[in-house]
Each structure stands twice: as structure tokens, then as C-alpha cells.
4 protein chains.
Amino acid sequence: MAASDSQQQKMKAKRQRILDEAIELFSEHGYNDTTIAKVAKASGISFGSVFTYFSTKEELFHCAVIEPLGQITDVMMNFDPEAEDPLAELERIVKTHIKLFAKLSTYLSLVVQVIGHDSRFSEQFEELNRFHDAFCLKLSKLIENGQVKGQLIQTDSMYAAYSYMSLLLGLRLMRTDNFDHEIWEQFVPFALNLFGPAR
Amino acid sequence: MAASDSQQQKMKAKRQRILDEAIELFSEHGYNDTTIAKVAKASGISFGSVFTYFSTKEELFHCAVIEPLGQITDVMMNFDPEAEDPLAELERIVKTHIKLFAKLSTYLSLVVQVIGHDSRFSEQFEELNRFHDAFCLKLSKLIENGQVKGQLIQTDSMYAAYSYMSLLLGLRLMRTDNFDHEIWEQFVPFALNLFGPAR
Amino acid sequence: MAASDSQQQKMKAKRQRILDEAIELFSEHGYNDTTIAKVAKASGISFGSVFTYFSTKEELFHCAVIEPLGQITDVMMNFDPEAEDPLAELERIVKTHIKLFAKLSTYLSLVVQVIGHDSRFSEQFEELNRFHDAFCLKLSKLIENGQVKGQLIQTDSMYAAYSYMSLLLGLRLMRTDNFDHEIWEQFVPFALNLFGPAR
Amino acid sequence: MAASDSQQQKMKAKRQRILDEAIELFSEHGYNDTTIAKVAKASGISFGSVFTYFSTKEELFHCAVIEPLGQITDVMMNFDPEAEDPLAELERIVKTHIKLFAKLSTYLSLVVQVIGHDSRFSEQFEELNRFHDAFCLKLSKLIENGQVKGQLIQTDSMYAAYSYMSLLLGLRLMRTDNFDHEIWEQFVPFALNLFGPAR
DNA sequence: CATGAATGAGTATTCATTCAT
DNA sequence: CATGAATGAATACTCATTCAT
């Protein structure tokens with residue numbers, strides 16, 4: 001049924017519009033200072049309708065945090081831990097990651113909120129943690145390979161991965177979002193330094 | 001007047017007790033989910049009395065963010081940019097800073113909130129920014145001296161300093177506060193790597 | 001849309017019910033001692049709903065003072081300053097006004113509050129003043145015509161009008177509202193005396 | 001004991017200072033918007049001391065309303081109902097009363113509040129009523145004598161007295177306090193007209 | 001499904017009053 | 001007697017959520 005299909009399309013689009021505005025507002029003003037009414041207004045729909053798509057404010061926040069994670073995971077995890085030239089692979093992904101974080105300032109504000117109040121948002125925190133653990137594990141393998149090949153000095157590869165994620169998030173936090181993208185690129189060598197490239 | 005003095009002492013102590021509990025609660029639950037009533041209860045006083053010491057919730061938050069900054073500044077800034085052996089000085093302060101950040105988890109949660117919602121807490125944000133700028137400027141001088149003496153590779157020393165602060169805050173953010181202090185020390189070499197020690 | 005129309009009717013009625021109760025309560029207990037909760041209870045609705053119709057207590061008070069003014073103006077101003085027999089016209093309107101003031105005791109209490117605290121309720125005061133000025137101006141013309149025709153002795157007609165309004169409000173103030181309407185009529189000749197009827 | 005005497009003098013003076021400020025503030029801002037703290041500040045004493053002189057806010061208000069009444073009564077009642085020339089006596093006292101009301105704007109605001117909220121301030125209201133009744137009774141005698149002597153037309157002398165008091169209070173209410181004293185005198189003939197002078 | 005009126009729990013703040021110093 | 005810190009009752013206003021239309 002084509003009619004029903006187009007209806008479904010419309011609803012999907014509406015849902016996404018709400019979600020996008022919610023991410024924006026939750027990021028900017030935090031959970032409590034973002035009211036359903038504001039989200040509705042920003043989305044151009046009645047606030048009653050928000051509840052058609054998200055049964056509670058809590059759920060809206062949950063979706064705002066979790067749903068974008070898939071795409072981000074795709075980009076973040078898109079590397080080969082068994083790459084021939086681990087250091088080159090590292091350089092490549094560091095550039096990609098930094099570009100990504102520079103773009104994602106809005107969403108990452110959400111992430112920071114969740115991490116900062118892990119007891120309040122424990123479910124979302126767990127999910128982010130799972131991503132974090134998976135990412136660090138995969139990255140640590142690449143690092144180890146780099147060490148085996150003598151491209152990197154010997155360090156604990158998991159701590160190296162942790163440090164890397166911390167740096168990325170820390171940079172994001174430090175108002176560097178006012179920097180334009182070129183400036184973000186300045187941080188690439190420092191991120192690489194973390195891994196201890198042999199010189 | 002001894003009586004008046006002891007009275008003043010008592011009040012000072014009470015004010016501090018309120019402030020300590022406020023820092024704890026603001027950190028844990030955020031600005032909005034921390035009610036004056038909870039702060040009062042945690043401090044063991046009537047909620048009316050909170051207003052005797054802090055005229056508004058906003059002011060209480062402000063003091064919670066700003067007042068500890070002095071001591072932290074003292075520790076963070078306690079280094080000599082003109083040290084004979086810049087690399088050794090760097091190692092020393094990195095250890096100190098990491099220990100400090102490991103201890104200050106509660107307070108740093110507050111800092112993260114302020115930075116994350118700089119428009120909401122602009123006054124406090126400005127103050128933190130002043131500290132950040134002063135710190136990075138002083139640190140960049142030490143880094144430059146390290147570079148001049150050939151202990152560090154050539155990089156933009158201000159970006160290096162920014163990266164360092166970002167890493168510290170990022171580490172703090174990443175729930176590594178569950179790690180005990182020994183584990184925190186594991187991150188010292190990675191922090192040092194940021195500065196690009198010549199090898 | 002009939003449904004929407006009946007909805008609108010209902011809301012209008014509800015709003016008016018709130019307003020009527022508000023006038024009653026503001027009159028009886030004054031601005032500060034009238035709580036939104038009391039108004040809601042008297043109106044038979046939840047106190048949250050009061051805010052659906054009046055966004056603040058201040059606005060509720062404003063409407064309580066201003067909205068009835070239209071009808072009152074209609075009655076008060078309903079005379080012809082160029083009447084053939086000015087004295088007869090004066091007698092007619094004095095009777096009407098006194099009847100009106102006898103009926104409006106509740107509302108006039110509000111007026112007295114506004115006038116008594118003009119700095120607190122400056123906006124409402126201005127509005128009342130506009131009415132007062134317009135009324136006195138129109139009345140003074142009738143008085144002047146009565147003087148020209150020799151029905152009234154020579155006096156400053158504006159002061160006469162002021163005196164008249166003062167007397168009306170003063171009578172209202174003096175608890176004469178316990179008097180029933182017949183007693184109110186007793187004051188008609190005294191009000192007329194103010195204008196100095198030639199004898 | 002001279003010391004004790006001067007002490008008593010001081011306290012009396014302090015009490016009066018508080019009362020004067022209280023009258024001022026109660027008049028200007030009303031009962032609820034006048035806080036003990038403001039009264040204390042205006043009086044230049046600690047707010048704890050206000051309770052030394054007046055055990056509750058209610059009592060302070062009571063004294064503010066009642067205590068000045070004695071002097072006012074003296075002036076208002078200072079006439080001879082059996083005067084040889086009642087009309088002349090009326091003229092004399094009307095002038096006096098209008099001058100008095102022109103001066104007493106602050107205090108009369110209090111009176112208006114009490115009359116306007118007689119259920120809230122019933123005790124004070126009773127007291128004012130007693131004065132009002134006594135005054136009107138005495139005045140009505142003078143009026144009657146004027147009627148007997150043919151100086152005034154026949155009217156109900158009590159209603160005439162009521163009207164007179166209403167006019168005085170009404171004039172006071174109508175912002176005529178902005179008028180300077182000369183303007184107040186303009187109202188003398190209108191007040192006299194109330195009594196229906198034979199012409 | 002969309003809308004927005006109705007509801008009432010929750011919160012910062014004020015202020016009269018008490019009482020220890 | 002003077003002071004002002006402590007207390008907690010009271011109140012306007014917000015906002016998530018429900019539900020009738």
C-alpha cells in the first residue's frame with residue numbers, strides 16, 4: 001500500500017526532525033533545561049505529538065544519545081588492526097577521528113553529559129561504555145602491531161587507547177569547537193605522539 | 001570580643017560545610033537536580049539557613065565552582081618555566097597534576113558541567129578560562145625551553161599545552177576515577193609523550 | 001468546526017469564572033493575601049489551569065482590574081453634556097451612578113487598592129486615571145451648561161467633577177455597602193448639592 | 001533615678017521612630033509588602049529590636065493605625081455644635097479638615113487600607129468606626145442647628161455628615177495629594193455645598 | 001494521529017518569629 | 001536590651017504527562 005508507505009515515510013521524517021532538534025537542545029541546555037515544549041516548538045509540531053513518537057522525555061533523551069552512535073561507530077571503527085603499516089593506519093584514523101569530533105560538537109556535548117552523570121543516565125552510560133571498550137580493544141591491537149613492528153615504543157596498548165579517547169573528548173570539551181577545522185588538524189601530531197612513535 | 005570571634009568561626013565552618021556538600025551534590029547530580037533542600041539536609045541545617053550564607057542557588061553554585069580554584073591554581077602553577085632541566089620539570093609536574101586530578105574527581109565534575117554549558121554558566125566559565133589561559137601560557141614557556149634544549153621535538157608549544165589540559169580533563173571525564181591512584185600513574189608516560197620527548 | 005467552537009466557548013466561560021472569583025478574592029483579601037491556589041479552588045479547577053488562562057498572578061490582577069472597566073465606562077459615560085435640561089440630566093445620572101456604585105462594591109474595592117498603591121500597580125492606575133480624566137472632562141461640560149443656563153451656581157466645573165467622583169468613591173469606601181439600595185438613594189441629593197443647584 | 005529616666009526617654013524615642021517609619025512604609029507599600037526588616041532598616045536599628053517594642057507585626061500595624069488617631073480626633077472634633085452661627089462654624093471646620101487631610105496623606109493611606117479590608121483588620125476597623133460614628137454624630141448636631149436657624153436646607157443631617165466624611169476620604173484617595181495646599185482649598189466650597197447652604 | 005487543555009508534584013525564595021550570645 | 005543567625009511555613013510558577021476532542 002503506497003499510501004500507507006508514504007504515511008510511514010512522513011512519520012519517520014517527523015520522528016527524525018524531533019530527534020535532531022532534541023539533540024541540539026539537550027546539548028545546548030542540558031536535560032533539565034530542555035523542555036518537551038521547546039523541542040516541539042523547534043520541530044514545528046505540537047508538543048502533544050512528541051509523545052506520539054517518544055513516550056517519555058527519558059526515552060527521547062535515550063534515543064538522542066544512542067541512535068547517532070551507530071554511524072559514529074562506523075567511522076570510528078573503520079580501520080584495520082592488522083594493517084601492513086600500523087603507523088600509517090594510525091595517522092590516517094587520527095585525522096579521520098579529529099575531523100569527526102570537530103564536526104560532532106553538538107552530539108558530543110550529550111556524551112559528556114551522560115559520562116558526567118553516569119548514575120543519572122546509567123543505561124546510556126553503559127551503552128557508551130560498550131562502544132568505548134570495543135573501540136579501545138580494537139585500537140589497542142593496532143597499537144600492539146605497531147610496537148611489534150618497531151614503529152611505536154613499548155607501552156601498555158590499552159592505556160594508550162584510553163589516553164587517546166580521553167584526549168579526543170577532552171579536546172572537544174575545551175571549547176576548541178570555536179576553532180575552525182584547520183585548527184583542529186593542528187592537534188593531529190599531538191594525538192599521534194600519545195602512541196609514542198619511535199624516532 | 002572572644003564570643004563574637006568564636007561565632008564567626010562557627011559561621012565560617014558552617015558555610016564551608018554547606019559548600020562542601022554543595023560541591024558533592026552539584027557534581028553528582030548536576031545543577032538542576034541538586035535542590036537547596038538536599039544541600040541543607042546533607043549539611044545538617046535547615047534549608048532556610050542556606051540562604052543566610054548564599055543568597056541564591058546560583059550564588060551557591062558560583063562559589064562551589066570558583067572558591068576551590070585558588071588552591072588548585074597553586075598546585076597546577078607550581079613549576080618553574082625556566083627550570084634547568086625542562087624535561088625533568090615536566091615529568092615532575094605531570095605526576096603532580098595527575099595525582100591532583102585523581103583526587104579532585106568530585107570538583108572536576110563541576111568544571112565539566114560549566115565547560116559543557118558555557119552559555120548557562122558564562123560567568124564561571126570566564127573564570128575557568130582565565131585560569132586555563134594563564135596555565136597554558138606558563139606551561140608553553142617550559143615546553144619551549146625544553147625544545148630549545150633539544151629535549152623535546154619542535155611543535156607549537158601552545159597547542160601542546162592545550163592538548164595536555166585536554167588530556168587531563170578527558171582522563172578525568174572517562175570515569176577513570178574508579179581506577180585507584182596507582183592506575184592513574186600509568187597515564188604519566190602518555191601525558192609526557194604529548195610533549196614529544198626526543199628519543 | 002462546531003467542536004472547536006464549543007471548545008472555545010467553554011474556555012471563555014472558564015476564563016470568566018476564574019476572573020470573577022479573582023475579582024471577588026482580590027477585593028476581599030487584597031493582592032498579596034489572594035493566592036492562586038485559592039482562586040483555583042474557588043473556581044473549581046486545578047491551580048495549574050489558572051496559568052493556562054493567565055500567565056502570571058500579576059496578569060490575573062491586571063485583567064481583574066481592567067476588563068470590567070469597559071462596561072462601567074459605558075454606564076458612567078452614558079449622558080449628554082449638551083442636554084436641554086442639564087440639571088435634570090445631572091439628577092438622572094447621579095441616580096444611575098449611585099445605583100451602579102452600590103452594586104459594584106466588590107469591584108470598587110479593587111479600584112481602591114489600585115489607587116491606594118499607585119506605585120505598585122502603576123499600569124492599572126494609569127488606565128483608571130484615563131477613565132477618570134475622560135469622565136470628569138465630559139461631566140464638567142454638562143455642569144458648565146447648567147451654569148450657563150442658571151441652573152447651577154458658578155463654580156469651577158472641573159473641581160466640581162473631581163469632587164463628585166471623590167464623593168462616589170468615598171461613599172463606596174465607607175462601608176456603606178452594608179446599606180441596602182434604598183439607603184444608597186438617600187445620598188443622591190447630597191451628590192447633587194455638590195454641583196450647587198441654584199435655589 | 002535620672003539614668004533610668006533618660007533610658008526611658010531613649011526607648012520612647014526609638015519606639016516612635018519605628019512607628020513613624022512603619023506608618024510611612026505600611027502606607028506606601030501596604031501591610032504585606034512592608035517587612036519588619038525594611039522597617040528596622042529605615043529606623044536604623046536591628047530588626048530584632050523591632051520585636052522589643054512591638055511583639056508582632058500585627059501589633060506594629062495596629063499601633064501605626066491607632067496611635068495617631070488621638071491627635072486627629074482632637075483636630076476633627078474641635079468645634080462647637082451649639083455655635084451661634086452654625087454656617088460660619090461649618091466653614092471654619094471644613095477649612096481646617098481639608099487642610100488636615102491634605103497634610104495627612106501618608107496616614108490616610110493606612111486608613112483606606114483598613115477600611116478596604118475590614119475583615120482582615122477588624123479590630124482597627126472597629127476603632128476607626130467608633131471615631132467615625134462619634135464625629136458624624138457631633139457634626140450632625142451642628143448641621144441640624146444650621147437647619148433650625150434656616151442657614152441650611154432641610155436634609156437628613158446624619159447622611160449629610162456621612163457624605164461629608166466620604167467626600168473628604170474620597171478626595172484624599174483621588175491622588176489629589178499631588179495638588180498643593182492651595183488647590184486643596186478649592187474644594188472647600190464643594191464640601192460646604194454638601195450641607196445645602198440656603199441661598 | 002494531532003492537538004493543546006488539565007493536572008499537580010516539585011522548587012526557589014521570602015519573611016515573621018524565636019532565641020542564643 | 002540589642003543583635004542577627006536559625007527556622008520552616010507559605011507561595012508563585014514550571015513542566016512532564018494524560019486524555020478528550
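Sequence lines set the chain letters: A, B, ... in the order given, protein chains first and strands last, and positions in each chain run from 1.
For B/Glu123, the salt bridge (charged side-chain N to carboxylate O under 4.0 Å, His left out) criterion is met by no residue, not counting sequence neighbours. Listed by chain and residue number, D/Leu25, D/Thr35 satisfy the side chain to side chain contact (heavy atoms under 4.5 Å, CB included) test with D/Lys38 (two or more places apart in sequence, or in another chain). Remark: B/Asp33 engages A/Asn32, A/Arg120 in a side-chain hydrogen bond (donor to acceptor under 3.5 Å, both in side chains) (not counting sequence neighbours). For D/Glu127, the side-chain hydrogen bond (donor to acceptor under 3.5 Å, both in side chains) partners are D/Arg130, not counting sequence neighbours. Residues forming a side-chain hydrogen bond (donor to acceptor under 3.5 Å, both in side chains) with D/His62 (at least two apart in sequence, or on another chain): D/Gln124. Residues passing the side-chain hydrogen bond (donor to acceptor under 3.5 Å, both in side chains) test with D/Glu59 are D/Ser55, sequence neighbours excluded.
Taking a pair as Watson-Crick or G-U wobble with both distances under 3.5 Å, DNA chain F forms stems of 3 or more consecutive pairs at E:2-21 with F:2-21.
Note on residues 7-28 of chain D: pairs passing salt bridge (charged side-chain N to carboxylate O under 4.0 Å, His left out), not counting sequence neighbours, are D/Arg15-D/Glu67.
In this structure, A/Glu58 CD and A/Cys63 SG are separated by 11.0 Å, a value rounded to the nearest 0.5 Å.
Under the 4.5 Å side-chain criterion, counting only non-hydrogen atoms from C-beta, B/Lys41 is not in contact with B/Phe47. In this structure, the side chains of B/Val50 and B/Ser43 stay at 4.5 Å or more apart for every pair of heavy atoms. With contacts defined as side-chain heavy-atom distances shorter than 4.5 Å, the pair B/Leu60/B/Ile36 qualifies.
For the contact set between residues 9-35 of chain B and DNA chain F, defined by any heavy atom under 4.0 Å, the members are B/Met11, B/Lys14. Non-hydrogen atoms lying under 4.0 Å from DNA chain F are contributed by B/Ile45, B/Ser46, B/Phe47, B/Gly48, B/Ser49, B/Thr52, B/Tyr53, all within residues 36-55 of chain B. Near DNA chain F, meaning a heavy atom under 4.0 Å away, there are no residues from residues 56-64 of chain B.
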Could you pull out every donor-acceptor pair under 3.5 Å between side chains of residues 107-116 of chain C and any protein atom, sequence neighbours left out?
{"unit_1": "C/Tyr107", "atom_1": "OH", "unit_2": "C/Val65", "atom_2": "O", "d": "2.5"}
{"unit_1": "C/Gln113", "atom_1": "OE1", "unit_2": "C/Tyr31", "atom_2": "N", "d": "3.3"}
{"unit_1": "C/Gln113", "atom_1": "NE2", "unit_2": "C/Phe26", "atom_2": "O", "d": "2.8"}

